[in-house]
Amino acid sequence: MRLIMLGAPGAGKGTQAARLAEAYKIPHISTGDIFRANIKGGTELGKKAKSYMDQGKLVPDELVCDLVADRIAQEDCKEGFILDGFPRTIPQAEALDAALSGMNLKMDAAVNVDVPDENIVNRMGGRRACVKCGATYHVVYNKPAVEGICNTCGSELILRDDDKPETVQTRLSVYHEQTQPLIEYYEKAGILKTVDGTQSMDAVFEGIKSLLG
Ligand code: AP5
Ligand code: MG
């Protein structure tokens with residue numbers, strides 16, 4: 001199963017991708033998590049990505065496309081993978097198509113987690129993320145067992161730098177301008193599946209599984 005998770009910032013892509021990865025036993029590839037790990041590790045890529053991310057803007061396509069092409073060519077992606085946060089622009093979608101056709105593969109589905117802007121800001125302020133493993137929580141909707149500590153790896157949970165309300169607004173505008181056109185792109189490709197992302201996390205998960213059949 002080769003899946004793309006589409007949706008606005010805070011729509012629940014990461015939350016659902018983690019569950020789907022476990023259910024289908026395929027890797028969850030989040031470009032945002034890859035960048036955050038690089039920022040934490042102080043790598044060249046991290047240094048380049050940080051200023052864009054902190055402003056809520058997209059990292060340039062050339063820093064993302066090769067990275068994903070290399071990642072999906074790895075052994076653990078043989079049975080499939082879930083892309084979370086990629087592609088985010090039409091050129092990225094075209095680069096993905098080119099990389100896949102070079103391997104004689106294509107995507108099975110692009111899942112659009114549909115959440116209106118009004119719901120997003122509320123979710124972002126309550127989100128807590130594990131810097132180490134990328135697991136995502138919410139102070140109201142999805143609390144960790146011990147406050148401030150990741151259930152999975154025991155590391156500290158943080159409020160992401162780009163979850164400040166003013167940055168969230170920029171991310172939403174960037175989403176509407178640059179990423180939303182992908183909905184039509186994948187609709188034309190015949191692989192778009194849309195789920196109502198305002199439901200509970202469990203209901204969204206069940207909805208996606210039934211869409212995937
Ligand atoms: P990225 O990390 O991908 O962030 P994003 O797309 O803005 O999405 P989020 O991770 O904020 O939201 P999500 O949809 O995963 O929601 P989540 O499940 O956490 O990218 C960050 C930055 O990196 C970008 O701005 C850009 O600069 C750069 N970048 C990354 N990829 C790039 C690319 N391909 N090209 C260029 N630049 C790139 O859920 C949100 C919160 O809501 C959580 O607290 C969660 O617990 C809660 N929640 C989830 N579902 C529900 C529900 N059903 N009900 C109630 N609460 C819920
Ligand atoms: Mg995410």
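Whatever order the structure lists them in is the order used to number ligands and atoms, beginning at 1. Every heavy atom of this structure was used, including side-chain atoms; hydrogens, water molecules and symmetry mates were not.
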State the atoms of ligand 1, each with its element, that fall below the 4.0 Å cut-off from a heavy-atom position in [X].
X: T15; value: 17 (P), 18 (O), 39 (O), 45 (C), 49 (C)
X: V64; value: 33 (C), 34 (N), 35 (N), 36 (C)
X: G14; value: 13 (P), 15 (O), 18 (O)
X: M124; value: 11 (O)

Per [atom], closest listed option by heavy atom ([options]):
atom: atom 35 (N) of ligand 1; options: Q16, Q92, K143; value: Q92
atom: atom 25 (O) of ligand 1; options: Q55, K57, K13; value: K57
atom: atom 20 (O) of ligand 1; options: R88, R171, Q199; value: R88
atom: atom 52 (C) of ligand 1; options: R19, M53, R123; value: R123
atom: atom 4 (O) of ligand 1; options: M201, H138, R160, K50; value: R160

Heavy atom of the protein closest to [atom] (residue, atom name, distance):
atom: atom 19 (O) of ligand 1; answer: R127 NH1, 2.6 Å
atom: atom 12 (O) of ligand 1; answer: G10 N, 2.8 Å
atom: atom 56 (N) of ligand 1; answer: Y141 CD1, 3.3 Å

Polar contact flag for [X] and ligand 1 (N/O pairs, less than 3.5 Å):
X: G85; answer: yes
X: Y137; answer: yes
X: R36; answer: yes
X: T31; answer: yes

Take K188 and E184 through the test salt bridge (charged side-chain N to carboxylate O under 4.0 Å, His left out) and record every step on the way to the result.
CA-CA 6 Å; K188 280 190 183 146; E184 200 186 322; 3.2 Å; yes
With a 4.0 Å cut-off on N to O distance, would you call R171 and D163 a salt bridge?
yes
4.0 Å heavy-atom contact, A11 with ligand 1
yes
Is there a heavy atom of A8 sitting under 4.0 angstrom from any atom of ligand 1?
yes
Are side-chain heavy atoms of I208 and R19 found at a separation under 4.5 Å?
no
Exercise: do T15 and N142 side chains pair donor with acceptor under 3.5 Å:
no
